[in-house]
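Working notes for the structure below.
Residue indices begin at 1 and follow the sequence shown. Keep in mind that this is a model prediction, so the values were computed, not measured. Numbering of ligands and ligand atoms starts at 1, following listing order.
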Amino acid sequence: MSVQVAARWVVLDIEGTLTATSQVHVVLYDYARPRLGPWIDEHGEDPVVAEAVAQVKAEAGLEAQAGTDAVVAVLHSWMDADRKATPLKTLQGLIWSEGYARGELTTDYFPDVVPALRDWRARGARLAVFSSGSVAAQVASFSNTTSGDLRGLFAGHFDTVNAGPKRERPSYEAIAGQLGAGAGQIAFFSDVPAELDAAAAAGWRTVGVARAGEPFAEADFGAHPVVSGFDEVELEVIA
Ligand SMILES: CSCCC(=O)C(=O)COP(=O)(O)O
Ligand SMILES: [Mg+2]
């Protein structure tokens, strides 16, 4: 069954919506795990890295003098628990950006994703991304995919730094403001009902993405329309 959606802007979650959860939790997390310690030691003078490390220590209750091993142990525990803490996402994004630039990482999307995004874009829809993954990670991940370089499809990237937490309404209000769009012009696609609830509270249209085999496939999406793939979406592009 198809779902009709009227929107000018389509804002997309990544994990579980565009890519399999294993693409993040296995491929990307396994790439980052052994590289976190060396990255912190080699880039400790970089203010972005220094600030992220300070945030990890503060959030984990470590002393300011704590060494890299203690910081890495916290970061690994957050990855094991899939805690999408902002400083972890910042550090992962730096490491993944280098991995994509070196050609050591390639993003693989669900088969219905790229044809739908190209079709929506060709028909005038504007596309943006809202993910817990940092903006740097998002852009890098679209640069090297099994369908080529897809960066040109997207007009906006949002994360927990430039928008806010994904389960809170003000984050969606902030994104609408940055896009210069009315809430009723934006449709948000996500596999996580709590994210859809926050977007709907901000006045956005919402589409739940319940993909077979994914963690939220059997979740209760409440009043949100639900698809099992983008080929079930009939997008009407509005002004
Ligand atoms: C390829 S960008 C990195 C994705 C990531 O780190 C992540 O946690 C995805 O979370 P999402 O909010 O997109 O479900
Ligand atoms: Mg998701």
Side-chain angles (χ1 to χ4, degrees), residues 10-33 35-36 39 52 75-76 78-101 104-110 113-114 117 127-147 149-151 153-154 156-168 171-172 175 187-199 206-219 221 224 226-230:
V10 174
V11 178
L12 301 148
D13 164 65
I14 292 181
E15 175 188 312
T17 299
L18 302 183
T19 68
T21 297
S22 60
Q23 175 81 36
V24 178
H25 289 210
V26 179
V27 177
L28 292 179
Y29 282 14
D30 282 358
Y31 188 86
R33 262 191 196 91
R35 292 171 171 82
L36 281 162
W39 191 278
L75 294 169
H76 282 194
W78 286 352
M79 276 195 277
D80 293 342
D82 192 30
R83 182 163 163 213
K84 295 177 185 287
T86 297
L88 168 64
K89 292 291 158 191
T90 299
L91 294 166
Q92 288 174 331
L94 295 169
I95 291 166
W96 295 335
S97 294
E98 186 171 276
Y100 280 104
E104 293 172 358
L105 290 171
T106 306
T107 309
D108 196 7
Y109 297 100
F110 291 111
V113 166
V114 176
L117 298 187
L127 308 180
V129 177
F130 184 24
S131 171
S132 307
S134 70
V135 168
Q138 296 173 26
V139 173
S141 77
F142 289 112
S143 72
N144 189 27
T145 86
T146 51
S147 301
D149 184 346
L150 299 179
R151 286 175 292 184
L153 288 175
F154 301 97
H157 291 274
F158 301 95
D159 61 13
T160 57
V161 174
N162 68 2
K166 291 184 76 184
R167 299 182 186 198
E168 294 184 15
S171 306
Y172 296 85
I175 291 172
F188 180 52
F189 289 67
S190 175
D191 62 326
V192 179
E195 296 176 2
L196 298 167
D197 291 345
T206 54
V207 180
V209 184
R211 293 185 178 276
E214 286 293 304
F216 288 91
E218 306 299 328
F221 283 87
H224 304 288
V226 179
V227 296
S228 62
F230 286 4

Geometry only, no angles: is Phe130 polar-contacting ligand 1 at N/O separations under 3.5 Å?
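No, Phe130 has no N/O under 3.5 Å of an N/O on ligand 1.
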Any nitrogen or oxygen of Gln138, side chain or backbone, less than 3.5 Å from one on ligand 1?
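Min N/O separation from ligand 1 is not below 3.5 Å for Gln138.
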In the protein, which heavy atom is nearest to atom 14 (O) of ligand 1, and how far is it?
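Here the nearest protein heavy atom works out to Asp13 OD1, 2.9 Å.
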For the student: nearest non-hydrogen atoms of [X] and [Y], plus distance:
| X | Y | value |
| --- | --- | --- |
| Leu196 | Val207 | CD2-O, 3.5 Å |
| Pro165 | Thr160 | CA-CG2, 4.4 Å |
| Ser97 | Ala137 | OG-N, 4.4 Å |

Which atom of Glu15 approaches the Mg ion (ligand 2) most closely (N/O/S):
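Sorting the N, O and S atoms of Glu15 by distance to the Mg ion (ligand 2) puts O first.
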By atom name, which N, O or S atom belonging to Asp191 lies closest to the Mg ion (ligand 2)?
OD1
Touching ligand 1 at all, Trp96? Heavy atoms, strictly under 4.0 Å?
yes
Heavy-atom distances under 4.0 Å decide this one: backbone, side chain, both or neither, for Ser132 against ligand 1?
both
Would one find an N, O or S atom of Asp13, in either backbone or side chain, under 2.8 Å from the Mg ion (ligand 2)?
yes
Could you check, using the six-membered ring where one of them is a Trp, whether Tyr172 and Phe130 have ring centers closer than 6.0 angstrom?
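Ring-ring flag for Tyr172/Phe130: true, centres closer than 6.0 Å.
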